[in-house]
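Chain identifiers are assigned alphabetically (A, B, ...) following the order of the sequence lines, protein sequences preceding nucleic acid strands; residue numbering begins at 1 within each chain.
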Amino acid sequence: MLAALNELNPQQRAAVEAIEGPILVLAGAGSGKTRVITTKIMHLMDLGVHPYRILGMTFTNKAAGEMRQRVAKTLGENAARDLTLTTFHSFCARFLRKEIGYLDRETNFVIFDSQDQKTCLKRVIRELHIPEKRYPLDRLRALISKYKNKRGGEGVTLNEAEQEVYQAYMDEMHAQNALDFDDLIAFTCDILSQFEDCRERYQRRYQYIMVDEYQDTNPIQAELINLLLNQDRNLCVVGDEDQSIYGWRGAEIRNILDFDHNYPGARIFKLEQNYRSSQRILDYANDIISQNQLRKHKSLWTEAGLGRPISLRTEQNAIAEAEFIVQKILTSSKAENLAYHQFAVLFRSNYLSRVLEELFRRYQVPYQLIGGLKFYDRKEIKDLLAYMRIVVNPRDWTSFSRALGVPSRGIGAKSQDALYSLFQSGLDVGQILKRVIDHSLVATRTMKGIKAFAALYEKMRQWSETLKPSEWLEHLINALDYLEYLERTDEVTADSRADNIRELQASMVEAERQGILTLAQFMDQTALVSDQDELEDDKPKVNLMTIHAAKGLEFHTVFVMGLEEGVFPNQRSLDSHTQALEEERRLYYVAITRAEKQLFLSHARRRQTYGTTTANMRSRFLSIPLRTYDDSGPEPVLEKKKVKLDNLASQLERMKAQLKQQNVDVNFETLSPKPAKAVRLRPGDVVRHQKFGTGTISSVRGNGDLQTISVYFPGQGVKKLLASKAKLEKVHDRPGF
DNA sequence: TACGATAAACTTTTT
DNA sequence: GTTTATCGTA
């Protein structure tokens, strides 16, 4: 029998030993989910199931890699190699490289990321003469994605114009032989559902299917799993509905909530013992999440002690907040001998990281920012990859157009339009170049650049037949004199960009070591990396990331910052309906449960957004009290920044002296150390409005005549008012915090 | 056609 | 306050 089984608790063990039929494992945060999945895989193999017949779907490549390693450690490299353990997207990419012929398409397709998608969409709506103002690219892209992910389910409908854009976009993608992220999964489903022979092949192969993070699957992914499942229905899904945080990109929390309904006879296991956090952190997390309606009952407990109090910090502005965090890390790491990578700072949105980065740099605390701009999204990398992609897929107009312009060859918009009409008539990159040269279709000045490009293109194709990817790249960089180009265009950033290119080469060498020997294979990797894949967890650096990026991770000490109305929960969720707010609350729950030993919550009274200062009320999440305990442990700490009274008092003294000198007649007794501005409105203040009645200020934004004030009027919702226009009369100050 | 200067838009969250 | 779009000039 597998020894690892004995190391599990009874619930975990039951979940592992249940093998046949549909199984749902509701695994609370920190309940040893990864361990259950890996042990289950090993248990199956121990029972004689060949690893080739096991399919495990994870959320990130990193998670897949870690699981594979654990298996390899116990059962050896060979066993681990034969497992299919990947993300949905990687699985489908590999599937389609083999099987996309069923749909009468070519296997050398490229995968478009959101950036490429938008470039492509831009072309499309320009051709359709649809005003970009009314249909912003981002919105269209998100809409198309949602539409595909829901697969004709309820919720997403397209109006006439949107329908037209969708159709034209699909045609354009087809013409460019490109697939977007959603297509990868959609096309896989199409093939499996339409072609029985193909479906049977895969169904026969995979006897046991496991899906991690099931709460974040969308309808199309659920469909894919269904199509792969044979009549034995050996499906084990693991997840936690309380950690469902991807509803906005089409994830369907119902997939996990209704699992037993969708798969009759399903057995359900709950893992509620937490091995990560202290009791106090778990109690707080339970208090928060129990406010949600949309969930199955589950409550985390631990054998670990009560632990340290959770701390809540109020600062006057975002800079002070960041400073508090950095200082806390400095003192705490020293006092408790903690390495920097045991700390994480979590925030709702990427832009919040800016202030943090500044202070980490100023105090010279090493950090790594996860997410934001990805490595493969950097301009210099995308430039070089564009060349690579047209070699693999000569119909990738988006990349062709990009490559033509960097470094600049004197081929401008006008010439590009001429080339594009050739593309529309069905020619690929090689044919377009040939036609232009043979028929002198552009001005002589431009022709020089075209000829040079054509010569380079021919060479790149030859290199790709004989050279390894890393060598191919080396040749390309030399041919383009790309490093010189970087130096010429921006000498400030040239060095770091050159570093990135070296890193790209290094990652190619590493990929080659793992058996990736063609440009096409390498391309797929670059398209499908996730934020977490980029995390270096062995280096002593403080981790800064969005809460989404922190999913599945854990840290000794966690800071959750920016706990303000409009920031977290963010404005959009407040503007829409309770479902969105529940997801925000789950997000907060995820944030809290990342912490093992210490949890610091913080918010700032004022914060710079766009160019203006905004004052927000503290987050509603903070209205759930941090529990107090009767035991001897210290009370939960409310750290308020002390207003420096001495300072204010001395200011007052100075003012008095000045006034006396000027012989101004004032009653000094009534002067208070508070600023004397008559009507200063702050979040929390209760005000009266002529039309709307009495309400509470939720945020104050900007200054002077342009100052806008958001007021919550019960029954009428939040109104945005211009301070100079709306005569707001203060009823009373905000109650003390 | 390329590059600079100025103006407008912009912030969810991501495979 | 920062990035992207557009316009005018060499």
**Q** Base, sugar-phosphate alone, or nothing: which one does A:Asn350 contact when heavy atoms must sit under 4.0 Å apart?
**A**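 The residue A:Asn350 makes sugar-phosphate contact but no base contact.
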**Q** Tell me, which of residues 240-250 of chain A have any heavy atom that sits under 4.0 Å from an atom in DNA chain B?
**A**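 Those residues are A:Tyr246, A:Trp248, A:Arg249.
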**Q** Give A:Thr609 one of three labels, base, sugar-phosphate or nothing, depending on what nucleic acid heavy atoms sit under 4.0 Å from its own.
**A**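 Nothing, no nucleic acid heavy atom in range.
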**Q** If you pin A:Ile411 and A:Glu584 to their nearest nucleotides in DNA chain B, which one's is more 5'?
**A**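 Whichever sits nearer the 5' end wins; that is A:Ile411.
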**Q** If we take the C1' atom in both B:dT12 and C:dA5, what is their distance in whole Å?
**A**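 My reading of the C1' atoms in B:dT12 and C:dA5 gives 23 Å.
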**Q** Return the OG to CG distance between A:Ser573 and A:Leu581, rounded to the nearest 0.5 Å.
**A**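 If I round to the nearest 0.5 Å, the distance is 5.5 Å.
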**Q** Do you know which two heavy atoms are closest between A:Arg68 and A:Leu85, and how far apart they sit?
**A**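 Scanning both residues, the minimum pair turns out to be NH2-O, 3.2 Å.
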**Q** Scan A:Arg141 against the nucleic acid and name what it touches under 4.0 Å (heavy atoms): base, sugar-phosphate only, or nothing.
**A**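 It contacts base atoms.
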**Q** Checking A:Gln117 against A:Asp113: is there a side-chain donor and acceptor pair closer than 3.5 Å?
**A**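 Looking only at side-chain atoms, A:Gln117 and A:Asp113 do not form any donor-acceptor pair under 3.5 Å.
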**Q** Do you see a donor-acceptor pair shorter than 3.5 Å between the side chains of A:Gln368 and A:Asn543?
**A**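 Yes.
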**Q** Side chains of A:Glu510 and A:Gln514: do they bring a donor and an acceptor to under 3.5 Å?
**A**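 Yes.
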**Q** Among A:Asn218, A:Asp182, A:Asp180, find the residue that satisfies the side chain to side chain donor-acceptor pair (under 3.5 Å) test when tested with A:Lys148.
**A**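 Answer to the side chain to side chain donor-acceptor pair (under 3.5 Å) test with A:Lys148 among A:Asn218, A:Asp182, A:Asp180: A:Asp180.
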**Q** Would you kindly check if the NZ (Lys) or CZ (Arg) of A:Arg249 is within the cone defined by 45 degrees around the ring axis of A:Tyr246 and under 6.0 Å from the six-membered ring centre?
**A**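 Yes; both conditions hold, so A:Arg249 lies above the ring face of A:Tyr246.
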**Q** What are the 5'-most and 3'-most nucleotides of DNA chain B lying under 4.0 Å from any heavy atom of chain A?
**A**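 Contact boundaries, 5' end first: B:dT1 to B:dT15.
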**Q** Mark yes or no: A:Arg402 above the aromatic ring of A:Tyr387, with NZ or CZ under 6.0 Å from the six-membered ring centre and no more than 45 degrees from the axis.
**A**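 So A:Arg402 doesn't make the cation-pi contact.
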**Q** Using a 6.0 Å distance limit plus a 45 degree cone around the ring axis, check whether A:Arg123 lies over the aromatic ring of A:Tyr420.
**A**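 A:Arg123 over A:Tyr420 ring: yes.
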**Q** For nucleotides 2-7 of chain C, print each protein N/O atom paired with a nucleotide N/O atom at under 3.5 Å, atom names and distance only.
**A**
none

**Q** So, A:Thr609 versus A:Thr614: side-chain donor-acceptor pair below 3.5 Å or not?
**A**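 Looking only at side-chain atoms, A:Thr614 and A:Thr609 do form a donor-acceptor pair, the distance falling under 3.5 Å.
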**Q** Of A:Asp531 and A:Tyr351, whose nearest nucleotide on DNA chain B comes first from the 5' end?
**A**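 Taking each residue's closest nucleotide, the earlier one in sequence belongs to A:Tyr351.
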**Q** Does the structure place the NZ or CZ of A:Lys382 under 6.0 Å from the centre of the six-membered ring of A:Tyr376, at an angle of no more than 45° from the ring's axis?
**A**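 Ring-cation test returns no.
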